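No experiment lies behind these values; they were computed from the predicted model shown.
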Amino acid sequence: MKIDTNLSDEDFKNFYHKKLKGGYPAGELYNDLLESGYTKGRIEDLINQHYQEVETSTKQRVKTNSLLLIILLSILVIYFLVTKHAIALGAVGFIIFFYASYKYATKKNDGE
């Protein structure tokens with residue numbers, strides 16, 4: 001596949017992301033970029049920029065999701081304290097379990 005070598009950094013990252021998301025193998029894409037005239041250094045710089053942005057975006061989503069879970073948990077605890085419903089207590093337990101599992105999974109994936 002011939003790839004335009006005049007792509008801006010942003011267009012390149014969008015192109016790269018769409019190809020990978022569409023199931024195009026990363027190794028083949030790398031070779032196609034080399035064959036199109038990109039240098040190894042340029043490809044690696046652009047790919048590293050792409051993955052740094054993806055990682056930053058993922059970390060922001062994790063923080064946002066964590067905040068939303070804490071807010072929801074707080075609302076359910078307040079609801080339980082006011083109404084003393086067993087369903088609210090069960091929901092609180094479920095959210096605590098979900099949150100703990102989620103944090104464990106993200107730490108495990110980060111290599112911690």
If you round to the nearest 0.5 Å, how far is [atom2] of [Y] from [atom1] of [X]?
X	Y	atom1	atom2	value
F15	E10	CZ	CD	14.5 Å
L29	L20	CG	CG	6.0 Å
L46	D11	CG	CG	11.0 Å

Q: Step by step, work out the side chain to side chain contact (heavy atoms under 4.5 Å, CB included) result for Y30 and Y16.
A: CA-CA 10 Å; Y30 185 88; Y16 186 80; over 6 Å; no

Pairs of donor and acceptor atoms involving the side chains of residues 65-76, under 3.5 Å and at least two apart or interchain, shall be tabulated with distances.
{"unit_1": "N65", "atom_1": "ND2", "unit_2": "R61", "atom_2": "O", "d": "3.4"}
{"unit_1": "S66", "atom_1": "OG", "unit_2": "V62", "atom_2": "O", "d": "2.9"}
{"unit_1": "S74", "atom_1": "OG", "unit_2": "I70", "atom_2": "O", "d": "2.9"}

Q | Inter- and intrachain pairs under salt bridge (charged side-chain N to carboxylate O under 4.0 Å, His left out), touching residues 45-57, at least two apart | A | K13-E53, E55-K59

Q: Determine the minimum heavy-atom distance between L34 and T39, stating which atoms define it.
A: CD2-C, 4.3 Å

